[in-house]
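The block underneath contains the structure these notes are about, expressed in structure tokens.
In this chain, numbering begins with 1 at the start of the sequence shown.
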Amino acid sequence: QLKLVESGGGLVQLGGSLRLSCAASGATFDYYSIGWFRQAPGKGREGVSCISRNGDSTKYADSVKGRFIVSRDNVEDTAYLQMTNLTPEDTAVYYCAAEFAVDLPNGISGAGWHLEFPYDSWGQGIQVTVSS
């Protein structure tokens, strides 16, 4: 099972940018698609983005389209979430998660990519706070 560790979170001002990293170990990284989720205080966990095994296919929640970019480096076994034009509504704990995707078309989940249950492994989460 893949072990995931997030880094790169912190405090940023309105309109600022952050890049989250998700370092993987313990299994073959490119067997897995990687999802990014977030959970704001008092709310459920929300799917933010997803990237396929080889990085060719990506998906985004409407709330972050045009502002966030997901990527991965299968040599470094790391996935990234570049976040720009941040607002206080982006304040949350951010998680990366891995889904075993060898048998999935294009190496990525379909319509259910934003749901928690397909993902086998989760990071511990990292706080992102956007001040106004």
Should R53 and N74 count as side-chain neighbours, where that means a heavy-atom distance under 4.5 Å? no
List the atom of A79, the atom of F29, and the distance in Å for their closest heavy-atom pair. N-CZ, 4.0 Å
Treat each ILVMFWY residue as a node, draw an edge where side-chain heavy atoms are under 4.5 Å apart, and state whether V48 and Y95 are in one component. no
How would you list, by chain and number, every residue that makes a side-chain hydrogen bond (donor to acceptor under 3.5 Å, both in side chains) with K43, sequence neighbours excluded? none
Show me the side-chain donor-acceptor pairs of residues 125-132 shorter than 3.5 Å, one per line, residues at least two apart or across chains.
from : atom 1 : to   : atom 2 : distance (Å)
Q127 : NE2    : A92  : O      : 3.4
Q127 : NE2    : T129 : OG1    : 3.2

Enumerate the residue pairs fulfilling salt bridge (Lys or Arg N to Asp or Glu O under 4.0 Å) with a member in residues 10-22, sequence neighbours excluded, ordered by first and then second residue. none
By side chain to side chain contact (heavy atoms under 4.5 Å, CB included), which residues pair with A98, not counting sequence neighbours? L2, L4, Y32, I34, S121
Contact list for residues 66-89, test salt bridge (Lys or Arg N to Asp or Glu O under 4.0 Å), sequence neighbours left out: R67-D90
Going by the rule side chain to side chain contact (heavy atoms under 4.5 Å, CB included), which residues pair with S17 if we only count those two or more places apart in sequence or in a different chain? Q82, T84
For residues I51 and I108, report the shortest heavy-atom separation together with the two atoms involved. C-CD1, 3.9 Å
Within a 6.0 Å radius of atom CD on Q124, are there more than 12 heavy atoms belonging to other residues, nucleotides or ligands? yes
Pairwise side-chain contact, Y119 with W113, heavy-atom cut-off 4.5 Å (strictly under): yes
Sequence neighbours left out, what pairs pass disulfide bond (SG atoms under 2.5 Å apart) with at least one residue falling in residues 89-132? C22-C96
Would you call W36 and F68 a side-chain contact if the rule is heavy atoms closer than 4.5 Å? no
Hits for side-chain hydrogen bond (donor to acceptor under 3.5 Å, both in side chains) against S52, two or more places apart or cross-chain, chain-then-number order -> N54
Is any side-chain heavy atom of C50 closer than 4.5 Å to a side-chain heavy atom of V70? no
How are the rings of F37 and W122 set relative to one another: parallel (under 30°), tilted (30 to 60°) or perpendicular (over 60°)? tilted
Is any side-chain heavy atom of L14 less than 4.5 Å from a side-chain heavy atom of T87? yes
Check the surroundings of atom CG in D120: do more than 12 heavy atoms from other residues, nucleotides or ligands lie under 6.0 Å from it? yes
Contact list for residues 100-132, test disulfide bond (SG atoms under 2.5 Å apart), sequence neighbours left out: none
Report the distance from atom OG of S7 to atom CG of L20, rounding to the nearest 0.5 Å. 8.0 Å
Residue pairs, two or more places apart or on separate chains, that pass salt bridge (Lys or Arg N to Asp or Glu O under 4.0 Å) and touch residues 94-110: none
For the hydrophobic clusters of this structure (ILVMFWY residues joined by side-chain heavy atoms under 4.5 Å, transitively), does one cluster hold both V64 and L81? yes
Closest contact, heavy atoms only, S21 versus T78: CB-CG2, 4.2 Å
For the backbone of K59 and the side chain of S49, can you confirm whether one donor and one acceptor N or O come within less than 3.5 Å of each other? yes
Of all the heavy-atom pairs spanning S109 and P118, show the shortest one and how long it is. OG-CB, 4.4 Å
Can you name the side-chain hydrogen bond (donor to acceptor under 3.5 Å, both in side chains) partners of Y94, sequence neighbours left out? R38
Who pairs with D62 by salt bridge (charged side-chain N to carboxylate O under 4.0 Å, His left out), at least two apart in sequence or on another chain? K65
